[in-house]
There are 2 protein chains.
Amino acid sequence: MAGTAVAGTLDGVLDSIIAGDCIEVMRRLPAASVDLVFADPPYNLQLKGELHRPDNSRVEGVTEAWDRFAGFADYDRFTRAWLAEVRRILKPHGAIWVIGSYHNIFRVGAALQDAGFWILNDVIWRKANPMPNFRGKRFTNAHETLIWASREEGARYTFHYEALKALNDGVQMRSDWLLPICTGHERIKDADGQKAHPTQKPEALLHRVILATTNPGDVVLDPFFGTGTTGAVARMLGRHFIGIEREPAYRRIAEERIARVRPFEAESITVQGSKRAEPRVAFGTLVERGLLRPGEELWSLGGRHKAKVRADGTLVGRDVTGSIHQVGAHLEGAPSCNGWTYWHFRRDGCLIPIDVLRQQIRAEMAATH
Amino acid sequence: MAGTAVAGTLDGVLDSIIAGDCIEVMRRLPAASVDLVFADPPYNLQLKGELHRPDNSRVEGVTEAWDRFAGFADYDRFTRAWLAEVRRILKPHGAIWVIGSYHNIFRVGAALQDAGFWILNDVIWRKANPMPNFRGKRFTNAHETLIWASREEGARYTFHYEALKALNDGVQMRSDWLLPICTGHERIKDADGQKAHPTQKPEALLHRVILATTNPGDVVLDPFFGTGTTGAVARMLGRHFIGIEREPAYRRIAEERIARVRPFEAESITVQGSKRAEPRVAFGTLVERGLLRPGEELWSLGGRHKAKVRADGTLVGRDVTGSIHQVGAHLEGAPSCNGWTYWHFRRDGCLIPIDVLRQQIRAEMAATH
DNA sequence: CAGGTAGATGAATCCTACA
DNA sequence: CTGTAGGATTCATCTACCT
């Protein structure tokens, strides 16, 4: 399946994985020959020591040599070099997607703009099940960023607006996508049962990208092919792919994986819409949005108890502080308490359950789903 | 309310709006004097076919290609200049938030890193009610990006982890925040009923930023103050603010707006505390005070291991002697161990964590304080 | 087989006071 | 400054195994 580059045409490399460094390989590919590039470059994570979960198990970080750079300047040189080759081999109406995290995406985005690409959207992959922040020192890093750009300003590009709208229950697809990370059977393991690649992307992500921004028969090139998610999904969806990958182990896995793919089957499969029953609303949200004021008093069901709202969404009652549920339970001497129906706020002399405010927020959220 | 900068201290500018260009104004402010900077810089770039310089003057009479290059270079110079001043006036343990869209955020992020700031998170503001993409040519641009960065790698920074967790109904706050855009009564209109500022940010967004990353009494500076959302929320939450704004019309609106703000009472802005902040209690204290007797046996979590208390507050286990943490870690073969939750003592046939005794000591300490 | 529980794991820039 | 040691810290999901 490994192919050889041929000047002028893509004969011999279509639907194959080319061995080698992506910059050198792309140099041998003909100009203006590729419809879409999907790139998942090294993130330059700069991990220092070890990290342990609260249960003392060790977190397996990305320690591979391919993610090590001397510094930002080194990383920038690398980025600008591969982007220049991408721009050369892209057709005039072609486009690029790049995925990254805060470690690298700002540098990639600036380099894209400097190279003359024209950003069409940045898209947020919201991870349904991200790894938590174990030490409680930052926000859960729960997303990654994709940039979608055309070859230059004003260039035509492919975008299947209606298909994406259909995929999104009939409303316009937004720039934030909720998708689970790649786990379970989809995650490729090696002979030892260890993950074969540290950063395998979910097929659902590539499904959406390729469906939205290519036509059947188009050529999709991935310069950091890894275990071949891009190739597998391209093949499923009836697109051609070209993979470039340095590591023989990754190439072998990708080849076997793609050989098992049955094209067109995916098109008949309805997409997975992860529907949540009732979106959870934090009580703190009511405070943040000004529906309740910090310092405002809430009355219990029956009016026997009072508590004061704090800015972080906790309550202060007599001798007790905590969530609306905790404070309610404590004041009632009950094992548990539904704070949403227990607590009431006063408006125009009437006591109104705070659950009314939750319904209001849910209505807004439903509009965005 | 407009203040005058004073070398060495912030006297005279605290809780005021300074007129002028933010770079020049910051130059007159003392170094290492500000706890937090929140910046909503101009996006600047090629909106509706017009090109603006950072000072908002129109760029005219240049070719498009030259324009674009000049545009980015100009914007970068401007960005790096104001970031350099921010870095100078920030306290060593201070931090910065910047908000932007794909037009500018990649350049800002790269400039932050180049200036030596250390990115802690990028945070996605998911707009509950974004403007749809009317032409159906792209994804609905439904988010903006914020970058949170400390002054340099390894610097301490303020983060009220527990408060944010409380605000999010007891689970860790993620990096994607769903909040409505600024509309309705919150949106400030001018005499004509037109919106007074094109990009007024919602107070809920600032509420979360300021609550999470400052302490009451801290100084929050906003170099692109606009109609003063940062100042209004800072005042509500018992923080000081410094605004910098060029446009007299915006300054006037902001002053009136902030004058109307009623700060929340002090009790309501104290947030859920962290265990880290509680006074340290030595295990030996429990022995000294007779809560545990020398020679008494402790059982591990799960009951598999035993150890004996010594008079000096160390433990003796199988083949090991040391602190409650060291002995626990050794017996479990773990890199570390919290002895307070690991070890249990026996009372009336029940195993009780020794942490209960620590709570008892802390309560006594609080009462006598 | 259904149902419940325990264990594993994911692109991570993940501590800090005190000697 | 560095080194040492106290002790604080996790969510959603999938697999394996047990009753």
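Residue numbers start from 1 in every chain, and the chains themselves are labelled A, B, ... in the order their sequence lines are given, proteins ahead of strands. Everything quoted here is computed from the prediction, not taken from an experiment. The basis for the numbers below is simple: all heavy atoms, side chains too, and nothing from hydrogens, waters or symmetry mates.
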Task: Separation of the C1' atoms in C:dA12 and D:dG6, to the nearest angstrom - done: 24 Å
TODO: Would you kindly say whether A:Thr227 and A:His197 are connected by a side-chain donor-acceptor distance under 3.5 Å?
DONE: no
- [ ] By nearest nucleotide on DNA chain C, pick out whichever of A:Pro130 and A:Tyr102 is the more 5' one.
- [x] A:Pro130
TODO: Indicate, with a heavy-atom threshold strictly under 4.0 Å, whether B:Glu162 touches base, sugar-phosphate, or nothing.
DONE: sugar-phosphate
Open item on the list: Please classify the nucleic acid contact of B:Cys337 as base, sugar-phosphate, or nothing, using heavy-atom distances under 4.0 Å.
Closed with: base
- [ ] Assign A:Thr199 to base, sugar-phosphate, or nothing according to its heavy-atom contacts below 4.0 angstrom with the strands shown.
- [x] base
TODO: For A:Lys189, report the nucleic acid contact type (base, sugar-phosphate, nothing); a contact means any heavy atom under 4.0 Å.
DONE: nothing
- [ ] Compare side-chain N and O positions of B:His325 against OP1 and OP2 of D:dG6 and report whether any pair is under 4.0 Å apart.
- [x] no
Task: Rounded C1' spacing from D:dA12 to C:dT13 in Å - done: 23 Å
- [ ] Anything below 3.5 Å on both distances counts as a pair; with that, list the stems of at least three consecutive Watson-Crick or G-U pairs involving DNA chain C.
- [x] C:2-10 with D:11-19, C:15-19 with D:2-6
Task: Option among A:Trp125, A:Tyr43, A:Tyr102 that satisfies the side-chain hydrogen bond (donor to acceptor under 3.5 Å, both in side chains) test with A:Glu144 - done: A:Tyr43
Task: First and last nucleotide of DNA chain C, 5' to 3', lying under 4.0 Å from heavy atoms of chain B - done: C:dT13 to C:dA17
- [ ] Can you spot which of A:Thr229, A:Asp40, A:Thr230 makes a side-chain hydrogen bond (donor to acceptor under 3.5 Å, both in side chains) with A:Lys201?
- [x] A:Asp40
- [ ] Please confirm whether any donor atom in the side chain of B:Ser336 sits under 3.5 Å from an acceptor in the base of D:dA8, or the reverse.
- [x] yes
TODO: Check every strand shown and say whether B:Val171 touches a base, only sugar-phosphate, or nothing at a heavy-atom separation below 4.0 Å.
DONE: sugar-phosphate
Task: P gap between C:dT9 and D:dA8, integer Å - done: 27 Å
TODO: Take atom P in C:dG10 and the same atom in D:dG7, then report the distance between them in whole Å.
DONE: 32 Å
